[in-house]
Protein chains: 2
Amino acid sequence: MNIYEIAELAGVSIATVSRVINDSPLVSEKTKLRVRRVMEENDYTPNVFARGLGLNSMKTIGLVCPDVADNYMARAVACLERDLREYGYNCILYCSGYAWEDRRIAVRTILQKRIDALVVIGSSYADDDPDAERVEYIREAAKQVPVFLINGYIRGENIFCALCSDYEAAYSAASELLRSGRRKILFLSDSHSYSANQKRSGYEAALREAGVPVREDLVIYTRNRIDSVRDLLLEMPQLDADAVFATEDGLAAGVLKYAKRRGAAVPKDLAIIGYNNSELAVCCDPELSSVDSRVDRLCKIVIDSLKLRLNGKPVNDRVYVKGCLIRRMTTDF
Amino acid sequence: MNIYEIAELAGVSIATVSRVINDSPLVSEKTKLRVRRVMEENDYTPNVFARGLGLNSMKTIGLVCPDVADNYMARAVACLERDLREYGYNCILYCSGYAWEDRRIAVRTILQKRIDALVVIGSSYADDDPDAERVEYIREAAKQVPVFLINGYIRGENIFCALCSDYEAAYSAASELLRSGRRKILFLSDSHSYSANQKRSGYEAALREAGVPVREDLVIYTRNRIDSVRDLLLEMPQLDADAVFATEDGLAAGVLKYAKRRGAAVPKDLAIIGYNNSELAVCCDPELSSVDSRVDRLCKIVIDSLKLRLNGKPVNDRVYVKGCLIRRMTTDF
DNA sequence: GAAGCTCTTGTAAGCCCTTACAACCTGTTA
DNA sequence: TAACAGGTTGTAAGGGCTTACAAGAGCTTC
């Protein structure tokens, strides 16, 4: 069943059928109705490939993220997919993994599908990255389609960034801990990504401002896995800290669990703040205080920009969203 | 840059270029090398739309699931996407939501993209469903492309199912609890889906077999949200149970948390078993015993079947995988 | 030296749409 | 009544690829 048969059955030309498909104002209402009825009766759907060829677009957006099994990215993907679909676009998903080379391949590969735009989630790039040239592939991609980064920042033609102001968020989280009298605040992170570095800077700024020296031994990196955190704490016979600021809820949840086992009272002996406000946070006992990095908000911003951009309108190339601390039970009141 | 230009530059016909693109054995190695070099030099990529038109396939698989933000489905999507990609296929994702009408629309919509196969995750359909006709759209879809169900069962031409044997898994989970002397086992579920019903049947069978009467007041349904569980427990001044079997880890985690708050010793006073062995389970304290429903295994099976099917080979239309109980700290040894 | 074979290449039709341009119809206007 | 405008429809030329079929090139064989 193709456009010719429909045209035949409706007694019109294929041009008219095509116009009906595209709801062109050039067709009279009467004809439209007739053609539509024939299409429905034969439940005809235009061939998207042919359509793609003609329009040079299949109304598809590429979504690249390191790992959808991560709750943060999953929420982003869910949000983006829904909204974009409602706007008439489908999403091709590509879980790249975290390695830079794999990310590069991901973008290159997905571009071959002739997507209309590319969204990269959790990219954590930055211009001031010491290895800045490793994000060059993003700029390459931007030559072909508009590129939207969620939580990554790269300056460039046709590149649009929506970021959580991690620096500020970390600053205020650390300040909160300082305000409640904590002086030995452990900074726990799982990566040296741009956003992790921003968090660290914010943390250090808050300490400095409060006149508290930044102690190298209180800045620790480990894998975001519960057993890594367990091992970490096992190796530290006595944890010389009265608070923890973790760059991921998973890390914070681990600290909470194993510190409690060790007999620490939370938050009295040890206050804890996580990051991302994931589903984990409310499952913890006591509930974990966490910085909400506002994925949904970031996604909305990206979607709005994307719509504007696809309509050829100008778009801000950088938007920051303030992260906000959700106070639960692992911090003082 | 199109196939004509490449042909021109390489001094061959477009047919030859096309054959090189498709790595046809009809082309001499010498010519292949030459054409390939020209393609690389101009970094040419064949237009997928035109290719799709010609081959009637864009090497794309449709992935429909109610909600990727759910850890179980996210793991499935991640696994499927990776393996299918390695096999040369990309995935179009569609998060349908749970409503039946929305699922129907999801499948109908995604089919229009002329995908080569459809994978439906967490469908929880069944032939013996009282509302069996509501899954008719799956059979409709199967007329167009092979359909693979993960954790759903519908008999039909071109429909292939991979399921966790929830009945058995639940049976053995309940048996485990009975073996350790529990007699008042609460069955806690968040849905009346096919697989939830299977779990309930398994649970009841175990009780009956042990000569323990099934108490209606110990079968409870509630939303899979931590606060729903909290409210549920609040409404039950004294929980007359010595064990809980929950159909989702989220529910189990909630019970664990609020039962502990109430002073119950776990597992001494209350043993708990969850389901799906999600990331939550190990974050709980004590770590949650949980039935591993083996998403990864199910995905592998689907992928293997899918490959066979796409090559026109015969495939089992139903494969069961045994769920297995992961014993952690919320059950006795 | 002609026939026949295999290997390789080219020609052209086809896949199913979109859309520029031409043409037609109807109703006004001068 | 002719010219014209506006609204509607049709014709035909793409768009970039695949592939059936034809054909040429280089061998071998008798």
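Source: prediction; values computed, not measured. Quick note on labels: first sequence line is chain A, next is B, and so on, each numbered from 1.
- Within 4.0 Å (heavy atoms only), A/V17 reaches no atom of the nucleic acid at all.
- Counting non-hydrogen atoms under 4.0 angstrom, B/V48 reaches nothing in the nucleic acid.
- If B/R19 and B/F49 are placed on DNA chain D by their nearest nucleotide, the residue sitting closer to the 5' end is B/F49.
- Contacts between chain A and DNA chain D, taken as any atom within less than 4.0 angstrom of a protein heavy atom, begin and end at D/dT8 to D/dG16.
- Crowding of A/E86 atom CD: a count of heavy atoms from other residues, nucleotides or ligands under 6.0 Å exceeding 12.
- A search for salt bridge (Lys or Arg N to Asp or Glu O under 4.0 Å) contacts involving B/E140 returns B/K143, not counting sequence neighbours.
- Looking at residues two or more places apart in sequence or on another chain, you find a side-chain contact (heavy atoms from CB on, under 4.5 Å) between A/R19 and A/A15, A/T16, A/S24, A/L26, A/V27.
- Note that the two end axes of the helix from C/dG1-D/dC30 to C/dA30-D/dT1 enclose an angle of 60°, each drawn from 5 base pairs, rounded to 10 degrees.
- A/R36 pairs by the salt bridge (Lys or Arg N to Asp or Glu O under 4.0 Å) definition with A/D23, not counting sequence neighbours.
- Evaluation of the salt bridge (Lys or Arg N to Asp or Glu O under 4.0 Å) rule for A/R51 yields no partner, not counting sequence neighbours.
- Distances shown here put a side-chain N or O of B/T16 below 4.0 Å from the OP1 or OP2 atom of C/dG10.
- The list of salt bridge (Lys or Arg N to Asp or Glu O under 4.0 Å) pairs with a residue in residues 294-318 of chain A, not counting sequence neighbours, reads A/D83-A/K300.
- For A/Y89, the ring pair (Phe, Tyr, Trp, His ring centres under 6.0 Å) test picks out A/Y87, with sequence neighbours left out.
- Residues passing the side-chain hydrogen bond (donor to acceptor under 3.5 Å, both in side chains) test with A/S96, sequence neighbours excluded: none.
- Heavy atoms of B/L26 sit under 4.0 angstrom from at least one base atom.
- Distance CD (B/Q112) to C1' (C/dC17): 15 Å, rounded to an integer number of Å.
- With sequence neighbours excluded, the residues forming a ring pair (Phe, Tyr, Trp, His ring centres under 6.0 Å) with A/F160 are A/F148, listed by chain and number.
- Backbone-only engagement by B/N22 is indicated by non-hydrogen atom pairs under 4.0 Å involving sugar-phosphate atoms exclusively.
- Dashed line: the shortest gap from a side-chain N or O of B/T31 to OP1 or OP2 of C/dT9 is under 4.0 Å.
- Take A/R37 and apply the salt bridge (Lys or Arg N to Asp or Glu O under 4.0 Å) test, not counting sequence neighbours, and it matches A/E41.
- Each of A/L118, A/N158, A/L111 was evaluated against A/Q144; a single residue qualifies, A/L111, per the side chain to side chain contact (heavy atoms under 4.5 Å, CB included) test.
- OP1 or OP2 of C/dT9 lies within a sub-4.0 Å distance of a side-chain N or O belonging to B/S28.
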Scan nucleotides 12-16 of chain C against the protein and return all N/O pairs shorter than 3.5 Å with their distances rounded to 0.1 Å.
none

